[in-house]
Amino acid sequence: VHRVESRGFTTPTPIQEKAIPIVLTGADLIGIAQTGTGKTFAFGLPLLEKLRDGKSRVLVVVPTRELATQIIQALEPFLGMFNLKSALLIGGTKLGPQRARLQAKPSLIVGTPGRILDHVKERHLDLLDITHYVLDEADRMLDLGFRPVIESLTHGLKRRQQTLLFSATLAPEVEAIARGLMKNPQHVSIAAQGRAPDQVDQKVYMLDRTQKQPLLDMLLKGQEGPILIFTRTRRGAQSLTRRLKARGHRVGELHADRSQNQRDSALNAFRSGESQILVATDIASRGIDVVGISLVVNYDVPNSPEDYVHRIGRTGRAGREGSAVTLATDEESKSIREIEKLMKRRIPIARAQGLPAPIPQPTAVASASRPAGSRQLGASKGPTRFGQPAKYYRGSR
């Protein structure tokens, strides 16, 4: 306890308070909590206590390289207190150094599914040695198509003593995996599934796609803190990064087309303040823990409602306030409604002043892309909610 307190941890977060005693008993656990609430230490600290016996080995599987790196960086100071070793197994880096780390018999192994399986196939890692298995952000791993890899890894973990599953959301597909993977798991839920952090101020602008860049320019004026902007595609992230740099902004980009060194460099520059803006795909919606992100902008509406919750969870962390703004077109109004259904709350409609008029599209393209009966931007005198009068949402502001 003294060693933990010496690192500045004196009061556990709600998920830590509920999960740590259960993990210490050795029981399987499904833990649901919002992002930024301390899930890493909720499983990391009690498992480190078990590792002190010199016989236990922990395998933590996560969806992204950034989250794997973050977990290692968070837990390594505590590993050092007990002279324990770790290994980080992620793509984008050479197998050789990772193999050397595994040969040193690390007590803690953290990695992404594909790279872990590579080491298993090359016989650098024996899953029979693993006693404690952690799946973090399991729903995101399914979104990324890792289910066959997870099932393959799980099949090899026959001697494991304990399995822990943590996430901010728990989709039915994850529950199905949990049932086949865990032994009478205990459940801990700190927040309703899909609930966004209460301290995040959310709003959505309904506009034409040609108005997105002008509105973004307006939103960025006067912003002093770190800003995280999400696009749906890698190409969109590249294009937006170029445009923002041309406007004089200090910008980094993070997506799957970047090398690991480039991704690390972009994230480090964002953390240090060298870059004020980070443009990213959903690879960054989980696993980026940067203190003080003041604004999250959804330049594109995400593909899934769960990704929206994780995106805006990058701000308003650890009790701080934050803002999240979504730029949506009429064609994306269905996605906004699905997000609201998941969160069980409505997102206030905001109205921007001084935007240029939409750039007309060729008639054939416009008629093909716009649903019959949908409104034109600016057709009503006041804010609307997906074609309905503003009174549809009483709390609009």
Side-chain angles (χ1 to χ4, degrees), residues 19 22-31 40 42-65 67-69 71-72 75-76 78-79 82-91 93-138 141-142 144-167 174-186:
I22 296 174
V23 178
L24 287 172
T25 67
D28 285 3
L29 174 68
I30 296 175
T40 296
F43 65 77
L45 292 180
L47 288 180
L48 286 175
E49 182 66 26
K50 293 179 178 294
L51 290 176
R52 295 176 64 186
D53 64 10
K55 301 176 182 178
S56 299
R57 297 186 80 187
V58 173
L59 176 65
V60 182
V61 185
V62 299
T64 68
R65 304 171 189 176
L67 181 54
T69 302
I71 290 174
I72 284 286
L75 296 180
E76 270 193 333
F78 298 97
L79 289 167
F82 306 119
N83 295 318
L84 299 174
K85 299 174 183 177
S86 66
L88 176 64
L89 309 182
I90 58 175
T93 55
K94 294 181 180 180
L95 284 171
Q98 295 178 6
R99 180 176 64 246
R101 298 283 289 186
L102 290 173
Q103 289 174 342
K105 297 296 182 182
S107 299
L108 174 67
I109 302 167
V110 183
T112 49
R115 179 49 63 95
I116 292 172
L117 190 59
D118 288 342
H119 284 288
V120 171
K121 289 179 177 179
E122 294 293 329
R123 298 188 178 182
H124 305 154
L125 173 63
D126 187 351
L127 294 178
L128 293 178
D129 293 338
I130 302 301
T131 55
H132 303 276
Y133 182 39
V134 181
L135 285 174
D136 196 14
E137 307 287 11
M141 284 192 276
L142 292 181
L144 294 174
F146 284 129
R147 181 166 187 161
V149 181
I150 293 172
E151 290 177 342
S152 180
L153 292 175
T154 301
H155 181 72
L157 291 163
K158 296 178 180 179
R159 296 181 185 174
R160 68 183 184 279
Q161 301 168 2
Q162 186 176 35
T163 302
L164 311 175
L165 188 150
F166 283 80
S167 182
V174 181
E175 289 189 281
I177 284 184
R179 283 195 296 271
L181 177 67
M182 309 177 86
K183 308 180 294 290
N184 301 317
Q186 297 192 40

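Side chains included, hydrogens not; waters and symmetry mates left out as well; all remaining heavy atoms used.
- Side chains of L29 and Q162 form no contact here, defined as non-hydrogen atoms less than 4.5 Å apart.
- Nearest heavy-atom pair, R65 versus G91, reported as atom, atom and distance to 0.1 Å: NE-O, 3.3 Å.
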Extract all donor-acceptor atom pairs below 3.5 Å that involve side chains of residues 100-114 and protein atoms in other chains or at least two apart in sequence.
from	atom 1	to	atom 2	distance (Å)
R101	NE	S86	O	3.1
R101	NH2	S86	O	2.7

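- Summarising the geometry, atom CZ belonging to F82 is positioned 7.0 Å from atom CG belonging to L48; distances are rounded to the nearest 0.5 Å.
- A27 approaches Q186 most closely through the heavy-atom pair CB-NE2, 3.7 Å.
- Checking side-chain atoms of S152 against main-chain N and O of P148 turns up no donor-acceptor pair under 3.5 Å.
- We find the CZ-NZ distance between R99 and K94 to be 11.5 Å, quoted to the nearest 0.5 Å.
- Within the model, atoms CZ of R52 and CG of N83 stand 11.0 Å from one another, a figure rounded to the nearest 0.5 Å.
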Item to check | F43 and I71: CA distance, side-chain angles, deciding distance, side-chain contact (heavy atoms from CB on, under 4.5 Å) verdict | outcome: CA-CA 11 Å; F43 65 77; I71 290 174; 4.2 Å; yes
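- The NE2 atom of H124 lies 12.5 Å from the CG atom of D126; values are rounded to the nearest 0.5 Å.
- By the 4.5 Å heavy-atom criterion applied to side chains, L181 and L135 are counted as neighbours.
- Note that CG of L59 is 10.5 Å distant from CZ of R160, once rounded to the nearest 0.5 Å.
- Using a 4.0 Å cut-off between charged side-chain N and carboxylate O, D118 and R115 make a salt bridge.
- With L67 as reference, V62 is the one residue of V62, I90, I72 to meet the side chain to side chain contact (heavy atoms under 4.5 Å, CB included) rule.
- Considering CG of D136 and CG of L164, their distance stands at 10.0 Å, rounded to 0.5 Å.
- Shown are V61, L125, V149; of these, the side chain to side chain contact (heavy atoms under 4.5 Å, CB included) with L117 is made only by V149.
- With a 4.5 Å cut-off on side-chain heavy atoms, L153 and F146 do not count as touching.
- T40 places none of its side-chain heavy atoms less than 4.5 Å from the side chain of F166.
- No side-chain heavy atom of K55 sits less than 4.5 Å from a side-chain heavy atom of T131.
- Contact record, G156 with L127: O-CB, 3.4 Å, taken as the closest heavy-atom pair.
- In this structure, K158 contributes its side chain and L128 its backbone to no donor-acceptor pair below 3.5 Å.
- In this structure the side chain of E151 never reaches within 4.5 angstrom of the side chain of T154, judged on heavy atoms.
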